[in-house]
Protein chains: 2
Amino acid sequence: MNDSGNDNDEDAGRPAPDGPPAPSRRKDARRNKAALLDAAAAAFVVSGVDAPVRDIAARAGVGVGTIYRHFPTRADLIVAVYRHQVDACAEAGPALLADSASPHTALGRWIDQFVDFLATKHGLAAALHSDDTGFDTLHAYFIDRLVPVCAQLLEAAAAAGEIRPDIDAYELMRGVGNLCIGADTDARYDPRRLVGLLIAGLRRT
Amino acid sequence: MNDSGNDNDEDAGRPAPDGPPAPSRRKDARRNKAALLDAAAAAFVVSGVDAPVRDIAARAGVGVGTIYRHFPTRADLIVAVYRHQVDACAEAGPALLADSASPHTALGRWIDQFVDFLATKHGLAAALHSDDTGFDTLHAYFIDRLVPVCAQLLEAAAAAGEIRPDIDAYELMRGVGNLCIGADTDARYDPRRLVGLLIAGLRRT
DNA sequence: TGCGAAAACGGAACCGTGTTCCGTATCGTT
DNA sequence: AACGATACGGAACACGGTTCCGTTTTCGCA
(Lines give C-alpha, C1' and ligand atoms only; values in the text may rest on other atoms or scores of the structure.)
Protein backbone atom coordinates (compact mmCIF):
# COMPACT_ATOMS: atom_id res chain seq x y z
CA MET A 1 0.00 0.00 0.00
CA ASN A 2 2.64 2.50 0.99
CA ASP A 3 5.07 2.63 -1.87
CA SER A 4 6.51 5.98 -0.98
CA GLY A 5 9.53 4.25 0.48
CA ASN A 6 12.63 6.30 -0.04
CA ASP A 7 14.98 4.49 -2.34
CA ASN A 8 16.56 7.64 -3.64
CA ASP A 9 18.19 10.15 -1.35
CA GLU A 10 17.44 13.22 -3.33
CA ASP A 11 15.94 14.93 -6.34
CA ALA A 12 16.57 13.15 -9.54
CA GLY A 13 14.86 16.18 -11.03
CA ARG A 14 13.72 16.00 -14.63
CA PRO A 15 15.15 19.28 -15.90
CA ALA A 16 18.70 18.18 -15.00
CA PRO A 17 20.99 20.57 -16.89
CA ASP A 18 23.61 17.89 -16.33
CA GLY A 19 24.10 15.50 -13.46
CA PRO A 20 21.93 15.18 -10.33
CA PRO A 21 21.76 18.26 -8.05
CA ALA A 22 23.99 17.18 -5.16
CA PRO A 23 22.32 14.85 -2.58
CA SER A 24 22.46 17.01 0.57
CA ARG A 25 25.58 16.87 2.68
CA ARG A 26 23.93 16.17 6.00
CA LYS A 27 22.52 12.94 7.33
CA ASP A 28 19.74 14.56 9.37
CA ALA A 29 18.55 16.42 6.30
CA ARG A 30 18.23 13.22 4.33
CA ARG A 31 16.54 11.46 7.21
CA ASN A 32 14.03 14.24 7.68
CA LYS A 33 13.23 14.38 4.02
CA ALA A 34 12.52 10.66 3.98
CA ALA A 35 10.44 10.92 7.14
CA LEU A 36 8.46 13.73 5.55
CA LEU A 37 7.75 11.69 2.46
CA ASP A 38 6.43 8.82 4.55
CA ALA A 39 4.42 11.13 6.76
CA ALA A 40 2.96 12.94 3.78
CA ALA A 41 2.01 9.70 2.06
CA ALA A 42 0.23 8.56 5.19
CA ALA A 43 -1.48 11.90 5.71
CA PHE A 44 -2.59 12.05 2.09
CA VAL A 45 -4.33 8.70 2.45
CA VAL A 46 -6.50 9.80 5.32
CA SER A 47 -6.88 13.54 4.71
CA GLY A 48 -6.24 13.91 1.00
CA VAL A 49 -3.49 15.93 -0.59
CA ASP A 50 -4.75 19.00 1.27
CA ALA A 51 -3.73 17.58 4.61
CA PRO A 52 -2.70 20.45 6.93
CA VAL A 53 1.00 21.23 6.87
CA ARG A 54 1.18 20.99 10.63
CA ASP A 55 -0.29 17.51 10.59
CA ILE A 56 2.33 16.27 8.20
CA ALA A 57 5.09 17.92 10.19
CA ALA A 58 3.81 16.36 13.41
CA ARG A 59 3.60 12.91 11.86
CA ALA A 60 7.17 13.24 10.70
CA GLY A 61 8.27 14.60 14.05
CA VAL A 62 9.70 17.80 12.57
CA GLY A 63 8.82 21.50 12.62
CA VAL A 64 6.88 23.16 9.85
CA GLY A 65 9.96 25.06 8.77
CA THR A 66 11.54 21.78 7.78
CA ILE A 67 8.74 20.99 5.39
CA TYR A 68 9.13 24.29 3.61
CA ARG A 69 12.86 23.88 3.41
CA HIS A 70 12.62 20.52 1.65
CA PHE A 71 9.44 21.16 -0.28
CA PRO A 72 8.92 24.86 -0.92
CA THR A 73 5.44 24.33 -2.30
CA ARG A 74 2.83 21.70 -1.62
CA ALA A 75 3.13 20.67 -5.23
CA ASP A 76 6.75 19.70 -4.68
CA LEU A 77 5.73 17.41 -1.86
CA ILE A 78 2.93 15.84 -3.85
CA VAL A 79 5.18 15.26 -6.81
CA ALA A 80 7.81 13.67 -4.59
CA VAL A 81 5.26 11.36 -3.02
CA TYR A 82 3.72 10.18 -6.27
CA ARG A 83 6.67 10.37 -8.61
CA HIS A 84 7.22 6.63 -8.70
CA GLN A 85 3.64 5.89 -9.56
CA VAL A 86 3.47 8.52 -12.25
CA ASP A 87 6.66 7.24 -13.78
CA ALA A 88 5.34 3.70 -13.68
CA CYS A 89 2.24 4.83 -15.50
CA ALA A 90 4.30 6.61 -18.12
CA GLU A 91 6.42 3.56 -18.67
CA ALA A 92 3.40 1.32 -19.00
CA GLY A 93 2.35 3.09 -22.18
CA PRO A 94 4.79 1.60 -24.68
CA ALA A 95 4.47 -1.79 -22.99
CA LEU A 96 0.71 -1.79 -23.45
CA LEU A 97 1.10 -0.74 -27.05
CA ALA A 98 3.32 -3.75 -27.67
CA ASP A 99 1.13 -6.23 -25.81
CA SER A 100 -2.38 -5.22 -26.86
CA ALA A 101 -4.39 -6.45 -29.78
CA SER A 102 -4.82 -2.94 -31.14
CA PRO A 103 -3.63 0.60 -30.39
CA HIS A 104 -7.14 1.62 -29.37
CA THR A 105 -7.22 -1.18 -26.84
CA ALA A 106 -3.85 -0.14 -25.52
CA LEU A 107 -5.05 3.43 -25.19
CA GLY A 108 -8.14 2.32 -23.32
CA ARG A 109 -6.14 0.21 -20.92
CA TRP A 110 -3.59 2.89 -20.32
CA ILE A 111 -6.24 5.47 -19.56
CA ASP A 112 -7.93 3.00 -17.22
CA GLN A 113 -4.68 2.59 -15.36
CA PHE A 114 -4.32 6.33 -15.02
CA VAL A 115 -7.89 6.67 -13.80
CA ASP A 116 -7.38 3.95 -11.21
CA PHE A 117 -4.38 5.82 -9.94
CA LEU A 118 -6.04 9.23 -9.77
CA ALA A 119 -9.37 8.10 -8.43
CA THR A 120 -7.84 6.61 -5.31
CA LYS A 121 -5.92 9.72 -4.27
CA HIS A 122 -8.24 12.03 -2.38
CA GLY A 123 -8.18 15.44 -3.91
CA LEU A 124 -5.28 14.81 -6.25
CA ALA A 125 -7.33 15.24 -9.38
CA ALA A 126 -8.75 18.48 -8.02
CA ALA A 127 -5.32 19.80 -7.07
CA LEU A 128 -4.05 18.82 -10.47
CA HIS A 129 -6.46 21.23 -12.09
CA SER A 130 -6.52 23.98 -9.55
CA ASP A 131 -5.54 27.31 -11.02
CA ASP A 132 -3.60 28.12 -7.88
CA THR A 133 -0.12 29.02 -9.09
CA GLY A 134 1.34 27.04 -6.21
CA PHE A 135 0.41 23.89 -8.08
CA ASP A 136 2.27 24.72 -11.26
CA THR A 137 5.01 22.22 -10.47
CA LEU A 138 2.46 19.46 -10.08
CA HIS A 139 0.80 20.43 -13.34
CA ALA A 140 4.12 20.48 -15.09
CA TYR A 141 5.25 17.12 -13.84
CA PHE A 142 2.14 15.26 -14.85
CA ILE A 143 2.03 16.92 -18.25
CA ASP A 144 5.71 16.37 -18.81
CA ARG A 145 5.57 12.68 -18.08
CA LEU A 146 2.17 11.62 -19.32
CA VAL A 147 1.18 13.78 -22.27
CA PRO A 148 3.94 12.46 -24.54
CA VAL A 149 2.94 8.89 -23.76
CA CYS A 150 -0.69 9.67 -24.44
CA ALA A 151 0.29 11.37 -27.68
CA GLN A 152 2.18 8.30 -28.75
CA LEU A 153 -0.82 6.06 -28.09
CA LEU A 154 -3.15 8.43 -29.89
CA GLU A 155 -0.84 8.59 -32.85
CA ALA A 156 -0.66 4.83 -33.12
CA ALA A 157 -4.43 4.51 -32.93
CA ALA A 158 -4.88 7.25 -35.50
CA ALA A 159 -2.34 5.62 -37.81
CA ALA A 160 -4.27 2.37 -37.52
CA GLY A 161 -7.38 4.27 -38.56
CA GLU A 162 -9.18 3.46 -35.33
CA ILE A 163 -9.77 6.98 -34.09
CA ARG A 164 -10.14 10.49 -35.39
CA PRO A 165 -6.75 12.02 -36.07
CA ASP A 166 -7.51 15.42 -34.58
CA ILE A 167 -7.40 14.67 -30.87
CA ASP A 168 -5.03 16.68 -28.73
CA ALA A 169 -3.23 14.61 -26.11
CA TYR A 170 -3.05 17.44 -23.60
CA GLU A 171 -6.71 18.15 -23.83
CA LEU A 172 -7.62 14.49 -23.50
CA MET A 173 -5.43 14.01 -20.42
CA ARG A 174 -6.85 17.09 -18.87
CA GLY A 175 -10.37 15.92 -19.53
CA VAL A 176 -9.72 12.49 -18.10
CA GLY A 177 -8.16 14.06 -15.04
CA ASN A 178 -11.17 16.31 -14.62
CA LEU A 179 -13.53 13.38 -14.83
CA CYS A 180 -11.74 11.80 -11.88
CA ILE A 181 -12.50 14.69 -9.56
CA GLY A 182 -14.69 13.73 -6.66
CA ALA A 183 -14.61 10.07 -7.59
CA ASP A 184 -13.92 9.06 -4.02
CA THR A 185 -16.69 10.99 -2.32
CA ASP A 186 -19.73 10.14 -4.40
CA ALA A 187 -20.88 6.55 -4.57
CA ARG A 188 -23.20 7.37 -7.45
CA TYR A 189 -20.34 8.55 -9.62
CA ASP A 190 -17.86 6.25 -11.27
CA PRO A 191 -15.42 8.06 -13.55
CA ARG A 192 -14.50 4.83 -15.29
CA ARG A 193 -17.82 4.66 -17.07
CA LEU A 194 -17.62 8.21 -18.35
CA VAL A 195 -14.00 7.91 -19.36
CA GLY A 196 -15.02 4.80 -21.26
CA LEU A 197 -17.66 6.86 -23.05
CA LEU A 198 -15.08 9.50 -23.85
CA ILE A 199 -12.69 6.96 -25.32
CA ALA A 200 -15.56 5.47 -27.28
CA GLY A 201 -16.30 8.93 -28.64
CA LEU A 202 -12.79 9.05 -30.06
CA ARG A 203 -13.59 6.41 -32.63
CA ARG A 204 -13.54 7.36 -36.25
CA THR A 205 -16.98 8.35 -37.49
CA MET B 1 -24.86 40.79 -18.57
CA ASN B 2 -25.97 41.22 -15.00
CA ASP B 3 -29.25 39.44 -14.72
CA SER B 4 -29.11 39.07 -10.99
CA GLY B 5 -31.61 41.88 -10.69
CA ASN B 6 -34.00 41.27 -7.89
CA ASP B 7 -37.43 40.67 -9.25
CA ASN B 8 -38.50 38.57 -6.32
CA ASP B 9 -38.22 39.78 -2.78
CA GLU B 10 -37.55 36.48 -1.19
CA ASP B 11 -37.04 32.75 -1.40
CA ALA B 12 -39.45 31.02 -3.68
CA GLY B 13 -37.74 27.89 -2.39
CA ARG B 14 -38.33 24.65 -4.25
CA PRO B 15 -39.21 22.40 -1.33
CA ALA B 16 -42.17 24.60 -0.37
CA PRO B 17 -44.18 22.46 2.07
CA ASP B 18 -46.99 24.85 1.27
CA GLY B 19 -46.90 28.53 0.45
CA PRO B 20 -43.80 30.75 0.22
CA PRO B 21 -41.80 31.28 3.46
CA ALA B 22 -42.84 34.82 4.37
CA PRO B 23 -41.02 37.62 2.46
CA SER B 24 -39.28 39.47 5.31
CA ARG B 25 -41.23 42.20 7.02
CA ARG B 26 -38.59 44.87 6.93
CA LYS B 27 -37.63 47.14 4.07
CA ASP B 28 -33.95 47.38 5.02
CA ALA B 29 -33.69 43.61 5.09
CA ARG B 30 -35.06 43.31 1.57
CA ARG B 31 -32.87 46.13 0.34
CA ASN B 32 -29.74 44.61 1.84
CA LYS B 33 -30.51 41.22 0.42
CA ALA B 34 -30.88 42.70 -3.04
CA ALA B 35 -27.69 44.71 -2.64
CA LEU B 36 -25.90 41.57 -1.54
CA LEU B 37 -27.07 39.69 -4.61
CA ASP B 38 -25.83 42.43 -6.91
CA ALA B 39 -22.55 42.70 -5.05
CA ALA B 40 -22.02 38.96 -5.08
CA ALA B 41 -22.76 38.74 -8.79
CA ALA B 42 -20.20 41.46 -9.46
CA ALA B 43 -17.62 39.92 -7.15
CA PHE B 44 -18.11 36.48 -8.70
CA VAL B 45 -17.33 37.86 -12.13
CA VAL B 46 -13.95 39.22 -11.13
CA SER B 47 -12.90 36.89 -8.31
CA GLY B 48 -14.89 33.75 -8.97
CA VAL B 49 -17.42 32.18 -6.65
CA ASP B 50 -14.75 32.03 -3.94
CA ALA B 51 -14.64 35.80 -3.61
CA PRO B 52 -13.83 36.71 0.00
CA VAL B 53 -16.88 37.28 2.16
CA ARG B 54 -15.52 40.63 3.29
CA ASP B 55 -15.19 41.80 -0.29
CA ILE B 56 -18.78 41.02 -1.05
CA ALA B 57 -19.94 42.70 2.14
CA ALA B 58 -17.88 45.79 1.36
CA ARG B 59 -19.26 45.99 -2.18
CA ALA B 60 -22.77 45.81 -0.84
CA GLY B 61 -21.99 48.34 1.88
CA VAL B 62 -23.01 46.01 4.69
CA GLY B 63 -21.28 44.13 7.49
CA VAL B 64 -20.28 40.51 7.20
CA GLY B 65 -22.90 39.54 9.72
CA THR B 66 -25.55 40.61 7.26
CA ILE B 67 -24.28 38.18 4.66
CA TYR B 68 -24.50 35.28 7.04
CA ARG B 69 -27.95 36.29 8.16
CA HIS B 70 -29.33 36.26 4.63
CA PHE B 71 -27.20 33.48 3.23
CA PRO B 72 -26.04 31.10 5.95
CA THR B 73 -23.70 29.25 3.61
CA ARG B 74 -21.84 30.33 0.54
CA ALA B 75 -23.86 27.83 -1.43
CA ASP B 76 -27.06 29.70 -0.59
CA LEU B 77 -25.59 32.86 -2.01
CA ILE B 78 -24.39 31.16 -5.16
CA VAL B 79 -27.73 29.50 -5.72
CA ALA B 80 -29.52 32.80 -5.25
CA VAL B 81 -27.23 34.54 -7.74
CA TYR B 82 -27.54 31.91 -10.45
CA ARG B 83 -31.04 30.63 -9.85
CA HIS B 84 -32.54 32.42 -12.84
CA GLN B 85 -29.96 31.08 -15.23
CA VAL B 86 -30.23 27.54 -13.95
CA ASP B 87 -33.98 27.67 -14.23
CA ALA B 88 -33.72 29.04 -17.76
CA CYS B 89 -31.45 26.17 -18.66
CA ALA B 90 -33.85 23.67 -17.19
CA GLU B 91 -36.75 25.15 -19.10
CA ALA B 92 -34.82 25.12 -22.35
CA GLY B 93 -34.76 21.31 -22.34
CA PRO B 94 -38.32 20.54 -23.44
CA ALA B 95 -38.23 23.45 -25.88
CA LEU B 96 -35.12 22.07 -27.58
CA LEU B 97 -36.67 18.65 -27.73
CA ALA B 98 -39.63 20.09 -29.57
CA ASP B 99 -37.60 22.24 -31.96
CA SER B 100 -34.71 19.97 -32.89
CA ALA B 101 -34.48 17.53 -35.74
CA SER B 102 -33.75 14.63 -33.40
CA PRO B 103 -33.57 13.97 -29.67
CA HIS B 104 -29.82 13.43 -29.90
CA THR B 105 -29.43 16.85 -31.48
CA ALA B 106 -31.56 18.37 -28.74
CA LEU B 107 -29.44 16.68 -26.11
CA GLY B 108 -26.27 17.97 -27.69
CA ARG B 109 -27.59 21.50 -27.86
CA TRP B 110 -28.87 21.43 -24.33
CA ILE B 111 -25.56 20.20 -22.99
CA ASP B 112 -23.77 22.89 -24.99
CA GLN B 113 -25.94 25.51 -23.39
CA PHE B 114 -25.14 24.16 -19.95
CA VAL B 115 -21.43 24.10 -20.72
CA ASP B 116 -21.53 27.68 -21.96
CA PHE B 117 -23.15 28.68 -18.71
CA LEU B 118 -20.73 26.83 -16.44
CA ALA B 119 -17.56 27.60 -18.33
CA THR B 120 -17.99 31.34 -17.93
CA LYS B 121 -18.44 31.29 -14.15
CA HIS B 122 -15.03 31.23 -12.51
CA GLY B 123 -14.82 28.38 -10.10
CA LEU B 124 -18.49 27.45 -10.21
CA ALA B 125 -17.86 24.06 -11.73
CA ALA B 126 -15.22 23.35 -9.13
CA ALA B 127 -17.46 24.45 -6.27
CA LEU B 128 -20.24 22.33 -7.70
CA HIS B 129 -18.18 19.24 -7.21
CA SER B 130 -16.38 20.11 -4.04
CA ASP B 131 -16.95 17.59 -1.30
CA ASP B 132 -17.14 20.39 1.23
CA THR B 133 -20.43 19.87 3.03
CA GLY B 134 -21.04 23.61 2.92
CA PHE B 135 -21.82 23.22 -0.77
CA ASP B 136 -24.53 20.63 -0.36
CA THR B 137 -27.25 23.16 -1.09
CA LEU B 138 -25.58 24.08 -4.35
CA HIS B 139 -25.24 20.45 -5.29
CA ALA B 140 -28.85 19.81 -4.47
CA TYR B 141 -30.19 22.71 -6.43
CA PHE B 142 -28.38 21.88 -9.63
CA ILE B 143 -29.26 18.22 -9.40
CA ASP B 144 -32.82 18.96 -8.56
CA ARG B 145 -33.36 21.24 -11.49
CA LEU B 146 -31.20 19.78 -14.20
CA VAL B 147 -30.97 16.04 -13.78
CA PRO B 148 -34.67 15.43 -14.52
CA VAL B 149 -34.40 17.49 -17.70
CA CYS B 150 -31.32 15.59 -18.75
CA ALA B 151 -33.04 12.32 -18.00
CA GLN B 152 -35.94 13.32 -20.19
CA LEU B 153 -33.64 14.14 -23.10
CA LEU B 154 -31.73 10.89 -22.65
CA GLU B 155 -34.93 8.93 -22.55
CA ALA B 156 -36.17 10.48 -25.76
CA ALA B 157 -32.90 9.80 -27.51
CA ALA B 158 -32.84 6.25 -26.23
CA ALA B 159 -36.42 5.71 -27.34
CA ALA B 160 -35.46 6.93 -30.79
CA GLY B 161 -32.70 4.35 -30.82
CA GLU B 162 -30.01 7.00 -31.17
CA ILE B 163 -28.06 6.27 -28.01
CA ARG B 164 -27.36 3.45 -25.61
CA PRO B 165 -30.20 3.06 -23.15
CA ASP B 166 -28.04 2.56 -20.07
CA ILE B 167 -26.80 6.06 -19.42
CA ASP B 168 -27.46 7.59 -16.03
CA ALA B 169 -28.49 11.23 -16.16
CA TYR B 170 -26.88 12.11 -12.86
CA GLU B 171 -23.59 10.63 -13.85
CA LEU B 172 -23.62 12.36 -17.20
CA MET B 173 -24.39 15.76 -15.69
CA ARG B 174 -21.70 15.29 -13.13
CA GLY B 175 -19.19 14.33 -15.80
CA VAL B 176 -20.07 17.31 -17.96
CA GLY B 177 -19.76 19.57 -14.96
CA ASN B 178 -16.39 18.11 -14.16
CA LEU B 179 -15.17 18.66 -17.69
CA CYS B 180 -15.93 22.34 -17.30
CA ILE B 181 -13.58 22.80 -14.38
CA GLY B 182 -10.71 25.12 -15.15
CA ALA B 183 -12.14 26.04 -18.52
CA ASP B 184 -11.53 29.72 -17.91
CA THR B 185 -7.91 29.55 -16.86
CA ASP B 186 -6.34 27.39 -19.53
CA ALA B 187 -6.35 28.59 -23.09
CA ARG B 188 -5.29 25.16 -24.32
CA TYR B 189 -8.36 23.53 -22.86
CA ASP B 190 -11.81 23.83 -24.34
CA PRO B 191 -14.39 21.70 -22.56
CA ARG B 192 -16.77 21.95 -25.49
CA ARG B 193 -14.64 19.66 -27.61
CA LEU B 194 -14.41 16.99 -24.94
CA VAL B 195 -18.05 17.23 -24.04
CA GLY B 196 -18.78 16.77 -27.72
CA LEU B 197 -16.66 13.63 -27.68
CA LEU B 198 -18.53 12.40 -24.63
CA ILE B 199 -21.90 12.95 -26.30
CA ALA B 200 -20.60 11.23 -29.40
CA GLY B 201 -19.60 8.30 -27.21
CA LEU B 202 -23.21 7.94 -26.15
CA ARG B 203 -24.28 6.80 -29.58
CA ARG B 204 -25.55 3.30 -30.00
CA THR B 205 -22.81 0.91 -31.02
C1' DT C 1 -46.80 61.68 16.66
C1' DG C 2 -44.51 59.01 20.05
C1' DC C 3 -43.22 54.61 21.96
C1' DG C 4 -41.54 49.97 22.71
C1' DA C 5 -40.55 45.45 21.14
C1' DA C 6 -38.88 42.84 17.50
C1' DA C 7 -35.92 42.53 13.67
C1' DA C 8 -31.80 43.50 11.56
C1' DC C 9 -27.29 45.53 11.49
C1' DG C 10 -22.11 45.88 11.85
C1' DG C 11 -17.79 44.76 12.90
C1' DA C 12 -14.66 43.25 16.55
C1' DA C 13 -13.01 39.02 18.01
C1' DC C 14 -11.99 34.26 17.31
C1' DC C 15 -10.26 30.22 14.93
C1' DG C 16 -7.80 27.35 11.73
C1' DT C 17 -4.23 27.29 8.01
C1' DG C 18 -0.55 28.60 5.18
C1' DT C 19 3.97 31.04 5.29
C1' DT C 20 8.02 33.48 7.02
C1' DC C 21 11.90 34.37 9.96
C1' DC C 22 15.54 33.96 13.07
C1' DG C 23 17.81 32.22 17.30
C1' DT C 24 19.46 27.63 18.33
C1' DA C 25 21.17 22.99 17.53
C1' DT C 26 23.57 19.69 14.77
C1' DC C 27 26.82 17.99 11.49
C1' DG C 28 31.14 17.40 9.22
C1' DT C 29 35.59 18.99 8.74
C1' DT C 30 40.14 20.52 10.19
C1' DA D 1 38.21 20.38 20.33
C1' DA D 2 36.76 24.05 17.75
C1' DC D 3 34.65 26.27 13.97
C1' DG D 4 31.78 27.37 10.05
C1' DA D 5 28.11 25.76 7.34
C1' DT D 6 23.87 23.61 7.25
C1' DA D 7 19.53 22.50 9.00
C1' DC D 8 16.11 22.68 12.61
C1' DG D 9 11.91 24.27 15.28
C1' DG D 10 8.31 26.84 16.36
C1' DA D 11 6.75 31.51 17.48
C1' DA D 12 4.83 35.13 14.93
C1' DC D 13 2.38 36.86 11.15
C1' DA D 14 -1.15 36.98 7.31
C1' DC D 15 -5.59 35.90 5.67
C1' DG D 16 -10.08 34.29 5.18
C1' DG D 17 -14.26 32.15 7.29
C1' DT D 18 -17.50 32.34 11.21
C1' DT D 19 -19.62 33.82 15.49
C1' DC D 20 -21.53 36.93 18.82
C1' DC D 21 -23.50 40.71 20.96
C1' DG D 22 -24.18 45.74 21.81
C1' DT D 23 -26.39 49.18 18.85
C1' DT D 24 -29.54 50.87 15.36
C1' DT D 25 -33.59 50.69 12.49
C1' DT D 26 -38.11 49.52 11.42
C1' DC D 27 -42.96 48.98 12.13
C1' DG D 28 -47.40 48.36 14.41
C1' DC D 29 -50.09 50.53 17.64
C1' DA D 30 -51.89 53.81 20.87
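Only this structure's heavy atoms are used, side chains among them; waters, hydrogens and symmetry mates stay out. Every chain is numbered from 1 and lettered A, B, ... according to where its sequence line falls, protein lines coming before strand lines.
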Inset, instruction - Say whether A/Asp87 and A/Tyr82, considering side chains only, have a donor N or O and an acceptor N or O under 3.5 Å apart. - result: no

Inset, instruction - Compute whether any side-chain donor of one residue and acceptor of the other, for A/Thr133 and A/Asp136, lie under 3.5 angstrom apart. - result: no

Legend entry - Straight-line distance of B/Leu77 CG to B/Ile56 CD1, nearest 0.5 Å: 5.5 Å

Without decimals, in angstroms, what is the distance between [X] [atom1] and [N] [atom2]?
{"X": "B/Arg30", "N": "D/dT26", "atom1": "CZ", "atom2": "P", "value": "12 Å"}
{"X": "A/Asp50", "N": "C/dT19", "atom1": "CG", "atom2": "P", "value": "12 Å"}
{"X": "A/Leu77", "N": "C/dT19", "atom1": "CG", "atom2": "P", "value": "12 Å"}
{"X": "B/Asp132", "N": "C/dG16", "atom1": "CG", "atom2": "P", "value": "16 Å"}
{"X": "A/Arg25", "N": "D/dG4", "atom1": "CZ", "atom2": "P", "value": "19 Å"}
{"X": "A/Phe71", "N": "D/dC8", "atom1": "CZ", "atom2": "P", "value": "11 Å"}
{"X": "A/Lys33", "N": "D/dA7", "atom1": "NZ", "atom2": "C1'", "value": "13 Å"}

Inset, instruction - Side chain of B/Asp28 only, please: which of D/dT25, D/dC8, C/dG18 is the nearest? - result: D/dT25

Inset, instruction - From the options C/dT20, C/dA13, C/dC9, select the nucleotide whose nearest atom is closest to the side chain of A/Tyr68. - result: C/dT20

So, is [X] near the phosphate of [N], with a side-chain N or O under 4.0 Å from OP1 or OP2?
{"X": "B/His70", "N": "C/dA8", "answer": "no"}
{"X": "A/Asn32", "N": "D/dC8", "answer": "yes"}
{"X": "A/Arg69", "N": "D/dC8", "answer": "yes"}

Check: [X] side chain, [N] base, donor-acceptor under 3.5 Å:
{"X": "A/Arg54", "N": "C/dG16", "answer": "no"}
{"X": "B/Arg74", "N": "D/dG17", "answer": "no"}
{"X": "B/Arg26", "N": "C/dA8", "answer": "no"}

Inset, instruction - In sequence, state the C-alpha distance, the side-chain angles, and the governing distance for A/Arg74 and A/Asp50, and then conclude on salt bridge (charged side-chain N to carboxylate O under 4.0 Å, His left out). - result: CA-CA 9 Å; A/Arg74 181 173 291 268; A/Asp50 295 319; 5.1 Å; no

Legend entry - Passing candidate, side chain to side chain contact (heavy atoms under 4.5 Å, CB included) with A/Phe142, options A/Thr137, A/Leu124, A/Val147: A/Leu124

Inset, instruction - Check DNA chain C against residues 56-67 of chain B and give the residues with a non-hydrogen atom under 4.0 Å, in numerical order. - result: B/Gly61, B/Val62, B/Gly63, B/Val64, B/Gly65, B/Thr66

Legend entry - Which residues share a side-chain hydrogen bond (donor to acceptor under 3.5 Å, both in side chains) with A/Asp99, sequence neighbours left out: none

Inset, instruction - Please report the C-alpha distance between B/Glu171 and A/Arg188 in whole Å, then the side-chain angles of each, then the deciding distance to 0.1 Å, and finally whether the salt bridge (charged side-chain N to carboxylate O under 4.0 Å, His left out) criterion is met. - result: CA-CA 7 Å; B/Glu171 200 160 51; A/Arg188 285 181 295 174; over 6 Å; no

Inset, instruction - For B/Pro52 and for B/Lys27, locate the closest nucleotide of DNA chain D by heavy-atom distance; then report the residue assigned to the nucleotide nearer the 5' terminus. - result: B/Pro52

